[in-house]
Amino acid sequence: MKGYAMLGIGKTGWIEKERPACGPLDAICRPIAVAPCTSDVHTVWEGAIGERSDMILGHEAVGEVVEVGNMVKDFKPGDKVLIPAITPDWSSLEAQDGYPMHSGGMLGGWKFSNFKDGVFGEFFHVNDADGNLALLPDGVDPADACMLSDMVPTGFHGSELAQVEFGDTVCVVGIGPVGLMGVAGAALRGASYIYAVGSRPDCVRIAKEYGATDIINYKDGDIAQQVLEKTNGRGVDKVITAGGGTEVIETAVKMLKPGGRIGNINYFGGEDYLRIPRAEWGVGMGHKVIVGGLMPAGRLRMQKLASLLVTKRLDTSKLLTHRFEGFDKIEEALMLMKEKPSNLIKPVVLINW
Ligand code: NDP
Ligand code: ZN
């Protein structure tokens, strides 16, 4: 089979590989919609997870099941399915402990295009099919549903980590596709004021559509200072960090009220340490909580998120600024993600076999 792969740090290309084998609990799928991710760019061009050779990329897909193992109960060939970016081993102790994304070790649920080939292949392997797959609901567009792999669960997890409550004032730092879903998630959880931090006009417009009440342009000066000015010096109840560099945690602590929470969904590359400002952290006693987390996954979670598309409580089509048709277009879509023109939010590739 053919796949679009990381050949080494900074290098990508089409390769031929054996079709993956199906274990008793697993499924083999082929993609019908896939999306490249900022994480793919970090993986290839920043070497974020270290050296990999001939590893098929991609972790965001809607697919069709072509084969299932003899112990799979609830899926069969021909089923159209949602494929989460994170595919934990549900029998692991970490999953039983409430942290499936860390099954088998920290971040161990992140398998696609990390420990094994991803979804940019003609076929791909899904472990623990009954635990990880969910049916694509009737009437939901596969391109829209593809945003359920990573953008929705990751963005929404920001609100969960920050424990956004009714009436909270929330700042979402970064309004790329992940942060936009952070905004949408905070709005769905009942935030009152949502300060969205970004600069690109298309992202700003869509952030407002998803519920941002105010926009803060980080290019206009210190973000924390701008937020403190808007809140008469009080700061916000919650911060979701979905953009910026390692300095963003420091910024978030500075704009947070005592007792507030920061939910980080950013990937931090580059520097080895994050800084916490001593004074603004209440010299160690400010009750300001910082939590960072990889998205939760699992069939039930995916079904619940998909039901938001069915009931139209969430419209992911706003994220899809660039659409491609055909498996061969994966390369173009990934390169677009790498170049990130200012009107790009998320590209999607639809594949008709
Ligand atoms: P994008 O690059 O599309 O968006 C980044 C956002 O951050 C943009 O709105 C950008 O503004 C803003 N930004 C850039 N620089 C700054 C700055 N200095 N201060 C504040 N804001 C800034 O990224 P994605 O939305 O695709 O991903 C966001 C993060 O989430 C990435 O780190 C990614 O790796 C991570 N991620 C994490 C996952 C997880 O499971 N935890 C999964 C997927 C992604 P502008 O409008 O100017 O572009
Ligand atoms: Zn992703």
Side-chain angles (χ1 to χ4, degrees), residues 29 31-41 57-64 80-87 110 112-113 118-120 132-160 172 174-188 196 198 202-203 205-207 209-211 240 242-243 265 294-299 301-325 329-330 333-334 336-337 340 343-351:
C29 299
I32 54 180
V34 297
C37 180
T38 305
S39 310
D40 294 309
V41 176
L57 289 162
H59 55 263
E60 300 183 18
V62 169
E64 181 179 334
K80 301 267 190 340
V81 286
L82 308 170
I83 292 121
I86 304 302
T87 51
W110 174 18
F112 287 131
S113 63
V119 301
F120 294 170
N132 284 316
L133 295 176
L135 287 175
L136 172 69
D138 288 341
V140 173
D141 179 63
D144 295 353
C146 195
M147 297 300 100
L148 296 170
S149 291
D150 189 359
M151 298 301 95
V152 177
T154 296
F156 279 23
H157 197 39
S159 281
E160 292 169 324
V172 181
I175 46 171
V178 173
L180 285 170
M181 288 300 95
V183 170
L188 279 168
D202 288 347
C203 295
R205 177 174 51 80
I206 291 167
E209 289 179 17
Y210 280 131
I240 297 170
I265 42 181
L294 183 65
M295 62 167 258
R299 187 191 339 176
R301 165 84 167 181
M302 296 299 281
Q303 279 176 355
K304 287 187 177 187
L305 294 178
S307 64
L308 290 169
L309 301 197
V310 174
T311 56
K312 303 198 189 309
R313 301 271 287 158
L314 177 68
D315 176 6
T316 51
S317 70
K318 294 176 199 282
L319 300 177
L320 303 174
T321 50
H322 294 67
R323 290 168 190 262
F324 296 88
E325 298 219 351
K329 296 286 183 180
I330 287 175
L334 179 66
L336 191 70
M337 201 70 194
K340 223 163 247 187
N343 65 347
L344 175 83
I345 298 180
K346 196 80 182 174
V348 66
V349 184
L350 285 158
I351 304 160

**Request:** Output all residues satisfying salt bridge (charged side-chain N to carboxylate O under 4.0 Å, His left out) with Lys329, sequence neighbours left out; order by chain, then residue number.
**Result:** Glu332

**Prompt:** Quick one: SG on Cys37 to CE on Met151, what's the gap to the nearest 0.5 Å?
**Reply:** 4.0 Å

**Asked** With sequence neighbours left out, what residues match Ser113 under side-chain hydrogen bond (donor to acceptor under 3.5 Å, both in side chains)?
**Response** none

**Fill in**
By side-chain contact (heavy atoms from CB on, under 4.5 Å), Leu336 pairs with (sequence neighbours left out) His322, Phe324, Pro341, Leu344, Pro347

**Sub-4.5 Å side-chain heavy-atom contact between Pro84 and Met295** = yes

**Message:** Run the salt bridge (charged side-chain N to carboxylate O under 4.0 Å, His left out) test against Arg205 and tell me which residues pass, sequence neighbours left out.
**Reply:** Asp202, Glu209

**Prompt:** Partners of Ala145 by side-chain contact (heavy atoms from CB on, under 4.5 Å), sequence neighbours excluded?
**Reply:** Val62, Leu82, Leu136, Val140, Leu148

**Request:** Name all residues meeting the ring pair (Phe, Tyr, Trp, His ring centres under 6.0 Å) criterion together with Phe156; count only those two or more places apart in sequence or in a different chain, and write none if there are none.
**Result:** none

**Item:** Contacts of Glu160 that satisfy salt bridge (charged side-chain N to carboxylate O under 4.0 Å, His left out) - sequence neighbours left out
**Value:** Arg301

**Asked** Taking only residues at least two apart or on different chains, which pairs with a member in residues 134-154 satisfy side-chain hydrogen bond (donor to acceptor under 3.5 Å, both in side chains)?
**Response** His59-Asp150, Asp150-Thr154

**Message:** So, taking the atom named CG in Leu294 and the one named CD1 in Ile86, what distance separates them when rounded to the nearest 0.5 Å?
**Reply:** 4.0 Å

**Fill in**
Residues at least two apart in sequence or cross-chain that pass side-chain hydrogen bond (donor to acceptor under 3.5 Å, both in side chains) with Ser317, listed by chain then number, are Asp315

**Item:** Any donor-acceptor pair under 3.5 Å from Thr87 side chain to Asn132 backbone
**Value:** no

**Prompt:** Going from CZ on Phe112 to CD1 on Ile83, what distance comes out if it is rounded to the nearest 0.5 angstrom?
**Reply:** 6.5 Å

**Asked** Excluding sequence neighbours, so at least two apart, what forms side-chain hydrogen bond (donor to acceptor under 3.5 Å, both in side chains) with Lys340?
**Response** Thr38

